[in-house]
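Worksheet for the structure shown next.
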Amino acid sequence: MTNKERASLAVAALKKEYPDSICSLTYHDPLQLLISTRLAAQCTDLRVNMVTPKLFSDFPDVCAFADADISAVEEDIRTCGLYKTKARDIIAMCQMLRDEFGGKVPDTLEELTRLPGIGRKTANLVLGDIFHKPAVVVDTHCIRLTRRLGFHNLKDPYKIEMILKDALDPKESNDFCHRLVLHGRAVCDARKPKCEQCCMKEFCETYLENEKNS
DNA sequence: ATCCCGAGGG
DNA sequence: CCCTCTGGAT
């Protein structure tokens, strides 16, 4: 099976299983999505959603974050883990947004990845969700699921992004990645995947391989 | 002990 | 390529 065929099967199966591909982070503007996604590193989005109401109430805009006392930001986000680097990144990012981007979140991959703490994963998520551009968001779920399905046998997120970009219809890629996350949490989790209830088992390489050996 | 919608640095 | 940052959940 080619990756294009695999992609087409996976897109259809996930679309049926998860009709609305919603972003599970709660946000009300581009800055909040940018910050919430940064906070989601090594942390569940559920926990991010627990801290952001107070965080965005304490610091309502770019300037409030840019002028923030770092220890106050650290305190708000502490339970998300990696809180020192995240707090430093968020403040530095907002200072750059204020000083170089007119206070607005930019809409290109090049500009977004210049921001402190924003890598390809977060940048692509913002491009897709805020600016509705074709984007392949390669996070821990995307890496794990596309590998199990048989798209690749890689670890490098950039290489995986290129392979998926090549295999996917650009109009579908953003929703596809969101649905991979939903499926990764609900069924194809890292520790104990529930293969018997998976909507993609009939063409999943890992499942088929395990069946053959049992 | 291992993983959670990562990013940066060596 | 590797390592580090980090609390919370299982």
Side-chain angles (χ1 to χ4, degrees), chain A residues 10 14 17-18 20-27 30-52 54-55 70-71 73-97 105-106 109-130 135-149 151-162 164-165 168 173-194:
Chain A
L14 288 174
E17 191 82 0
Y18 309 95
D20 31 42
S21 93
I22 34 91
C23 177
S24 39
L25 293 167
T26 51
Y27 62 96
L31 179 69
Q32 291 189 358
L33 179 61
L34 200 50
I35 291 175
S36 291
T37 308
R38 181 66 190 90
L39 288 176
Q42 291 301 303
C43 165
T44 61
D45 52 349
L46 218 61
R47 177 144 299 280
V48 174
N49 290 337
M50 288 184 213
V51 310
T52 47
K54 174 163 168 52
L55 179 68
I70 185 159
S71 59
V73 176
E74 285 179 0
E75 188 50 38
D76 279 357
I77 67 174
R78 192 180 49 78
T79 60
C80 291
L82 310 181
Y83 64 91
K84 287 186 180 175
T85 42
K86 287 175 182 175
R88 200 179 344 106
D89 283 347
I90 289 167
I91 292 174
M93 175 182 86
C94 286
Q95 289 168 348
M96 188 182 284
L97 285 174
V105 174
L109 187 67
E110 292 69 33
E111 292 174 303
L112 283 165
T113 51
R114 276 183 53 208
L115 297 168
I118 306 303
R120 288 188 76 89
K121 185 260 170 174
T122 305
N124 272 317
L125 190 105
V126 168
L127 287 179
D129 283 8
I130 300 292
V136 179
V137 181
V138 181
D139 53 42
T140 180
H141 294 293
C142 177
I143 295 171
R144 184 179 70 253
L145 269 65
T146 53
R147 171 211 298 276
R148 284 177 177 170
L149 285 167
F151 281 94
H152 59 82
N153 195 7
L154 304 169
K155 294 170 188 168
D156 181 359
Y158 179 76
K159 290 180 185 167
I160 296 171
E161 183 186 324
M162 293 305 125
L164 294 178
K165 192 170 83 171
L168 286 160
S173 63
N174 194 40
D175 285 338
F176 177 68
C177 291
H178 274 303
R179 291 180 174 120
L180 283 180
V181 175
L182 298 177
H183 193 63
R185 281 202 306 246
V187 179
C188 192
D189 62 288
R191 299 169 194 255
K192 206 166 178 289
K194 306 171 183 69

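Only heavy atoms go into these numbers, but all of them, side chains included; no hydrogens, no water, no symmetry mates. Note on naming: letters A, B, ... go to the chains in the order of the sequence lines (proteins, then strands), and numbering restarts at 1 for each one.
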Sugar-phosphate only, base, or nothing, as touched by Leu115(A) at under 4.0 Å among non-hydrogen atoms: sugar-phosphate
dC5(B) to dC1(C) separation - C1' atoms, rounded to the nearest Å: 24 Å
For atom CZ of Arg47(A) and atom P of dT6(C), their distance in whole Å: 17 Å
Touch class at under 4.0 angstrom, heavy-atom based, for Pro116(A) against every strand present: sugar-phosphate
Flag side-chain contact, heavy atom, 4.5 Å: Leu115(A) against Val105(A): no
Among dC5(B), dA9(C), dG8(C), the one nearest Arg78(A) by side-chain distance: dG8(C)
Length of the line joining Gln42(A):CD and dT2(B):C1', which is rounded to integer Å: 11 Å
Distance, rounded to the nearest Å, where Asp189(A) contributes CG and dA9(C) contributes P: 17 Å
Whole-Å gap separating C1' (dG9(B)) and CD1 (Ile118(A)): 17 Å
Residue-phosphate contact under 4.0 Å: Thr79(A) side-chain N/O, dG7(C) OP1/OP2: no
Which residue lies more 5' along DNA chain C, comparing Lys86(A) with Arg191(A) via nearest heavy atoms: Lys86(A)
Residues, nucleotides or ligands: over 12 heavy atoms within 6.0 Å of Lys54(A) NZ: no
Residue Tyr83(A), side-chain atoms from C-beta onward, closest of dG6(B), dC5(B), dT6(C): dT6(C)
Side-chain-base donor-acceptor pair under 3.5 Å for Ser24(A) and dC5(B): yes
Backbone of Tyr83(A) reached by a side-chain donor or acceptor of Arg78(A) within 3.5 Å: no
Rounded interatomic separation in angstrom, taking CG from Leu39(A) and P from dG8(C): 14 Å
Ile90(A) CD1 to dA7(B) C1', straight-line distance once rounded to whole Å: 13 Å
Salt-bridge present (Asp45(A), Arg185(A); N to O < 4.0 Å): yes
Closest-nucleotide ordering on DNA chain B, the 5'-leading residue of His141(A) and Asp89(A): His141(A)
Distance-only donor-acceptor test (3.5 Å): side chain Lys84(A), base dC5(C): no
Interatomic distance, Met96(A) CE vs dG8(B) P [rounded to whole Å]: 10 Å
Basic-acidic side-chain contact under 4.0 Å: Glu161(A), Arg120(A): yes
5' precedence on DNA chain C between Lys159(A) and Thr85(A) (nearest-nucleotide basis): Lys159(A)
Touch class at under 4.0 angstrom, heavy-atom based, for Leu180(A) against every strand present: nothing
Given DNA chain B, 5'-ward residue of the pair Ala40(A) and Ala190(A), judged by closest heavy atom: Ala190(A)
Any Arg120(A) side-chain N or O less than 4.0 Å from OP1/OP2 of dA7(B): no
OP1 or OP2 of dC4(B) under 4.0 Å from side-chain N/O of Arg144(A): yes
Passing option when Leu34(A) is tested against Val126(A), Leu39(A), Ile130(A) for side-chain contact (heavy atoms from CB on, under 4.5 Å): Val126(A)
Length of the line joining Lys155(A):NZ and dG6(B):C1', which is rounded to integer Å: 17 Å
Interatomic distance at C1', dC4(B) relative to dT6(C), whole Å: 12 Å
From dA7(B), dT6(C), dC5(B), nucleotide with atom closest to Arg38(A) side chain: dA7(B)
N or O in side chain of Thr37(A) less than 4.0 angstrom from dG6(B) OP1/OP2: no
